[in-house]
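One structure is given below, encoded as structure tokens.
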Amino acid sequence: MKKLIFSLLFSITATLAVAQQKATNPRPITLAEYEKAKTFTIADLDKDSYVKIENSYVLDRYESRKPYFITGDDGLKKRIDLYKLIAKEGMQEIGLMVFYTTETGKLYKALVPDFTAESKVWEKYFQDVDNINKEEKNFILKLSYILSKELAFQQYKVLNAGKNLSEEAGTYGSDICFPGEEIVAMAGGKSKMLKDVVSGDEVMTIDPISKAATIVKVKELTVHEAKNYAITSLVLISAQKSESETGTLVKLSTKIIKATPNHPMNTMSGKVKIGEVNIGDEILCLNEKSGKYEPYLVLKKNEAAGGTQKVFNIVADAGNTFIMNGVMVMQK
């Protein structure tokens, strides 16, 4: 996959390399350029597709793309515009400028460095997007979605913050469970935190084929002793896209599910352990607005030590699944 991603980015820059054979292309953006570029602006995002800055840089609308308009579960519409940042000397692409406009017109800017950038530039980028995310809820998620559509390698860097997560140590064993603070769909439209479920409670179970919901009774809530369990975390999205004259409209809905890596999941292509679920797989989830069960796409997958904690699972008197955080999961 990494080879494919690098090939994708290389193909983007290769055309310029042929045209500019005397220049080193691409060249890394410097930290000073990174900081300077964050002051660059576009007067009219609807009209200005090619802007020269100080006769040294160019902002060129990325692949002539129209803007994205993303509406999340909060109903607030955000606008995202992408521009290539090009150093005029040698006409080298050194980054990707992201202009993110909120529903109130507030503008946030992020600069995704070219993949040749030094680690100190990437570290500054990660810090910058994290700072924006603290102020603008779900900024990183929406940015990641756009980058995943346009530039897969940058998505990898954003999602993992440059870490090699495989090196983080956690306890792998036979315990097949969830952390306890997920929300379980109960009978009567109610919900309850997993760790608070007790024998005799009634929970919802879903037939993966017919998507029919029935109510079953909890026989036992299995509780395993506190350990530093390895935890697999999936971010799932439902993105409904449509095109208009002004841009690409995206209705984005997200869910997160966590479990020990050996816990079975029922993807649309079959039963696998959550640790073996792949990015791009589809998992049946509840769309709270439509009330229907729909496949959501796995956008992000992390596996890391979850810290010392108990883990839990439901054993019911019927059915094979239950709904947790709006995601269909398997009983033990």
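Within 6.0 Å of the NZ atom in Lys273, the count of heavy atoms belonging to other residues, nucleotides or ligands does not exceed 12. More than 12 heavy atoms of other shown residues, nucleotides or ligands fall within 6.0 angstrom of atom CD in Glu103. Within 6.0 Å of the CD atom in Glu35, the count of heavy atoms belonging to other residues, nucleotides or ligands exceeds 12. The environment of NZ in Lys258 is sparse: at most 12 heavy-atom neighbours from other residues, nucleotides or ligands sit within 6.0 Å. More than 12 heavy-atom neighbours from other residues, nucleotides or ligands sit within 6.0 angstrom of NZ on Lys38. Around NZ of Lys192, the count of heavy atoms belonging to other residues, nucleotides or ligands within 6.0 Å exceeds 12. The environment of Asp74 atom CG is dense: over 12 non-hydrogen atoms of other residues, nucleotides or ligands sit within 6.0 angstrom. By the neighbour-count criterion of 12 heavy atoms within 6.0 Å, atom NZ of Lys36 is sparsely surrounded, having that number or fewer from other residues, nucleotides or ligands.
Between Met193 and Glu181 the shortest heavy-atom distance is CG-CA, 3.4 Å. Minimum heavy-atom separation, Met204 to Ile215: CA-CD1, 4.0 Å. Among all heavy-atom pairs drawn from Asp196 and Asp201, the shortest one is O-OD2, 4.3 Å. The shortest non-hydrogen separation linking Phe40 to Lys109 is O-NZ, 2.9 Å. Nearest heavy atom pair, residue Ile279 against residue Leu299, reads CG2-O, 3.7 Å.
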Next on the checklist: Checking Glu282 against Thr267 for the side chain to side chain contact (heavy atoms under 4.5 Å, CB included) test, could you report, in this order, the C-alpha distance in whole Å, the side-chain angles of both residues, the deciding distance, and whether it holds?
Outcome noted: CA-CA 6 Å; Glu282 292 181 314; Thr267 70; over 6 Å; no

Next on the checklist: Between Ile323 and Val184, is the side chain to side chain contact (heavy atoms under 4.5 Å, CB included) condition met? List the steps.
Outcome noted: CA-CA 6 Å; Ile323 299 298; Val184 179; over 6 Å; no

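Judged by distance alone, with hydrogens and angles left aside, the side-chain atoms of Thr232 form no donor-acceptor pair with the main-chain N or O of Thr260 at under 3.5 Å. Without hydrogens or angle criteria, Asn325 side chain to Ile183 main chain gives a donor-acceptor distance under 3.5 Å. Between the Thr71 side chain and the Gly75 main chain, no donor and acceptor come within less than 3.5 Å of each other. Between the side chain of Asn228 and the backbone N or O of Gly307, at least one donor-acceptor pair lies under 3.5 Å. With hydrogens and angles ignored, the 3.5 Å screen pairs no side-chain donor or acceptor of Glu33 with any backbone N or O of Ala87. In this structure, Asp114 contributes its side chain and Pro28 its backbone to no donor-acceptor pair below 3.5 Å. In this structure, the side chain of Asp130 does not engage the main chain of Phe126 through any donor-acceptor pair within 3.5 Å.
Between Lys301 and Asp281, none of the side-chain N atoms (NZ, or NE/NH1/NH2) sits under 4.0 Å from a carboxylate O, so this pair counts as no salt bridge. In summary, Arg27 and Glu93 do not engage in a salt bridge, as defined by a charged side-chain N under 4.0 Å from a carboxylate O.
Side-chain N/O atoms of Asp73 and Ser253 include a donor and acceptor closer than 3.5 Å. Checked by atom type, the side-chain pair Gln309/Tyr229 shows no donor-acceptor distance below 3.5 Å. For the residue pair Asn131/Glu135, the side-chain donor-acceptor check at 3.5 Å is not satisfied. Between Asn287 and Glu294, the side chains place a donor N or O and an acceptor N or O closer than 3.5 Å (distance only, hydrogens not considered). Side-chain contact of Thr214 with Thr205: a donor-acceptor pair under 3.5 Å is absent, judged by distance alone.
Here the straight-line distance linking atom CD1 of Ile86 with atom OH of Tyr57 works out to 12.5 Å at 0.5 Å rounding.
Between Tyr108 and Phe139, the ring planes lie tilted relative to each other; the angle falls in the 30° to 60° range. The aromatic rings of Phe178 and His263 are tilted relative to each other, their planes meeting at an angle between 30° and 60°.
Side-chain rings of Tyr125 and Tyr34 stay apart, their centers remaining 6.0 Å or farther from each other.
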